[in-house]
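Before we start, here is the structure in question, set down as structure tokens.
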Amino acid sequence: MNKVRVRFAPSPTGFLHIGGVRTALFNWLFARHSGGTFILRIEDTDRDRSTDEAIQVIMDGMKWTGLDWDEGPIRQTDRLDLYREKAMDLFKGGHAYWCVCTPEELEIRRKEAQARGESIKYDGRCRERGISEPTDPAALRFITPQEGQTVLHDLIKGDIVFDNSVLDDLIILRSNGYATYNFSVVVDDGLMNISHVIRGDDHVNNTPRQVPLFEALGFSVPQFAHLPMILGSDKARLSKRHGATSVLAYQEMGYLPEALVNYLVRLGWSHGDQEIFSIQEMVEHFDFKHVQSSPAVFNPEKLKWVNAQYIRNKEPKHVAEALTPFLQKAGYDEAAIARIPGGVEALIPPLRERSETLLDFVEGAAPYLVESMTMDEAAATKHLIPSIAPILQEFADLVEVESDFSKEMLERMMQGLVERQGLKMGKVAQPLRVALTGRTVSPGIYEVMALLGKDRTIQRIRAGAKRALHN
RNA sequence: GUCCCCAUCGUCUAGCCUGGCCUAGGACGCCGCCCUUUCAAGGCGGCAACGCGGGUUCAAAUCCCGCUGGGGACGCCA
């Protein structure tokens, strides 16, 4: 009894939006928290704008973020007859009437009303006509109560009161015979026994028009929870001009799905001061009481930080799995990866402290994936000076004759060398770094050597020494 | 224009329901210091907010009213 049943109901008219993912996530969390059912429903009644590709993209995005659904995907276009049937039931029951006003006429009247500063709702002129069987194309309108009030008990915002006088008779069946969004939603939510409607608060104003529909159809009215919007940095609703808004884009930018989900859950929900949540923790603690009722600005900087946290704390093996496709995409083949002793996984510990995204790893790993790296000329000019040449040469000789290539051994040899020469570690390490990586920035020098392997280490130091001699 | 929602550091937020523990806490970012072979990471510290005005109360970030500001909705789109 009273089983929790929730749904995520996107319309497949484009990509899966970051705001959509958050809506899906909150539905999913609530379902998992309460042992309920999470349903994926595709709202594709707008046949002109819905595409199969978009449906696939939505499902891919949800799979990537780990939001698995228990039922569906249910497509509204498979249920068109059902909506028509229910609409006709309403007509027969005296809850609806045919309207022969054309969209063009309505548009004109709306404009006029607006110009006069009046409310732009439908004037209801077909309500009294009592057309029993229309000869011209006609839409079916629901007779919406005009007196009294409708109270929405929102789980997030509390009670919201609407005067029914602001409502107009909404179209439930278009003149082409297809149901409208507001109608198909109610039929589906009713028939699927949806217990909680969790959606963006841009739907708040739809609710008082949907509630009488639930009642006329003989369904029990679900509970509602309207999530606040996600805004861009200019406080306007998040859109393309704020940058990436598609989940897929974040995948491509090297974000980990867990990190994106973690960032998104904190956008509007909190559990004390906690910032990082495992999925289990989110599921355990999720509640509507701690969902913010005010909108939140999407902050890419913090998302990056969360991503970095996950990169640093996940098992290197898992990060390596996520990273591999990025390396391949960047053009590094198996042979390139095989150059690194230990493979991709060996890359993770030395680079993860300096990588906020998987793309940062690709960039940071470049010197170790190739046979001969690209030399930063400015770095070479600055650090590979003639006086350092013999020192590099000596170090290369030491490494060559020593069979132990361990980090400890390398460190001991390096320290000995530095002491004998009476130099500061930095004076040697930095030229060495440039010789080994072609850059001034890298992981610790011994980590670098481990990633290069003995042969390439010696070879690059020698090349560096040669270069230094002629600088 | 009409209706609806919202209002704590630049941003995400704790606290608000059940006034006193708030000299308003945490996080991102920013700045400084420490650590240090580079860059990071890490540690320590700093800057920074209850939108305004009225009430109610011994006491208000917390309750009430107004204002202002922001957002959303007003389609035969979803």
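Every chain is numbered from 1 and lettered A, B, ... according to where its sequence line falls, protein lines coming before strand lines.
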With respect to the side chain of A:A139, which nucleotide from B:G1, B:C76, B:U38 is positioned closest?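 Nucleotide nearest to A:A139's side chain: B:C76.
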
Among B:A14, B:U11, B:A41, which nucleotide has an atom closest to any side-chain atom of A:S270?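 Given the options B:A14, B:U11, B:A41, the side chain of A:S270 is closest to B:A14.
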
Looking at residues 49-57 of chain A, who's got a heavy atom less than 4.0 Å off RNA chain B?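 A:R49, in order of number.
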
Mind checking the CG-CZ spacing from A:D189 to A:R199? Nearest 0.5 Å is all I need.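 Between atom CG of A:D189 and atom CZ of A:R199 there are 7.0 Å.
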
Identify whether any heavy atom of A:R352 sits under 4.0 Å from a base atom; if not, whether one sits that close to sugar-phosphate; answer base, sugar-phosphate or nothing.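 Here A:R352 touches no strand at all.
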
Aromatic ring proximity, centroids under 6.0 angstrom, A:Y263 and A:F298: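 A:F298 vs A:Y263: aromatic centres under 6.0 Å.
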
Salt bridge (charged side-chain N to carboxylate O under 4.0 Å, His left out) evaluation trace for A:D360 with A:K304: CA-CA 11 Å; A:D360 292 339; A:K304 258 192 185 168; over 6 Å; no

Taking for each residue the nucleotide of RNA chain B bearing the nearest heavy atom, is the 5' side occupied by A:Q430 or by A:L106?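 Whichever sits nearer the 5' end wins; that is A:Q430.
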
Rounded interatomic separation in angstrom, taking OH from A:Y122 and P from B:A73: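 That distance rounds to 24 Å.
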
Mind running a 4.0 Å heavy-atom check of residues 7-25 of chain A against RNA chain B and sending the residues that fall below it, in number order?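 The answer is A:S11.
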
Assess, by modelled atom type and distance only, whether the side chains of A:H242 and A:D234 contain a donor and an acceptor separated by less than 3.5 Å.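 On atom types as modelled, these side chains qualify, holding a pair under 3.5 Å.
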
If you assign each of A:T180 and A:K121 to its closest nucleotide in RNA chain B, which residue comes earlier from the 5' end?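 Going by which nucleotide is closer to the 5' end, it is A:K121.
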
Keeping A:S184 on the side-chain end and A:Y181 on the backbone end, is there a donor-acceptor pair under 3.5 Å?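 Here the side-chain-to-backbone pair exists.
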
A:D123 backbone acceptor or donor facing A:R127 side chain under 3.5 Å: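 Absent.
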
Below 4.0 angstrom from OP1 or OP2 of B:A73, is there any side-chain N or O of A:R237?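 Checking A:R237 against B:A73: at least one side-chain N or O falls below 4.0 Å of OP1 or OP2.
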
Consider only side-chain N and O atoms of A:D188 and A:Q76, and report whether a donor and an acceptor are under 3.5 Å apart.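 The answer is yes; a qualifying pair exists.
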
I'd like to check the ring pair (Phe, Tyr, Trp, His ring centres under 6.0 Å) partners of A:H153; sequence neighbours left out, ordered by chain and number.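 Counting only residues at least two positions away or on another chain, A:H153 forms no ring pair (Phe, Tyr, Trp, His ring centres under 6.0 Å).
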
When you measure from the side chain of A:K157, which nucleotide among B:C5, B:A73, B:U13 comes out closest?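 Among the listed nucleotides, the one closest to the side chain of A:K157 is B:C5.
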
Cation-pi between A:R352 and A:Y310: NZ/CZ under 6.0 Å from ring centre and within 45° of the ring axis?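 Here A:R352 fails the 6.0 Å and 45° test against A:Y310.
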
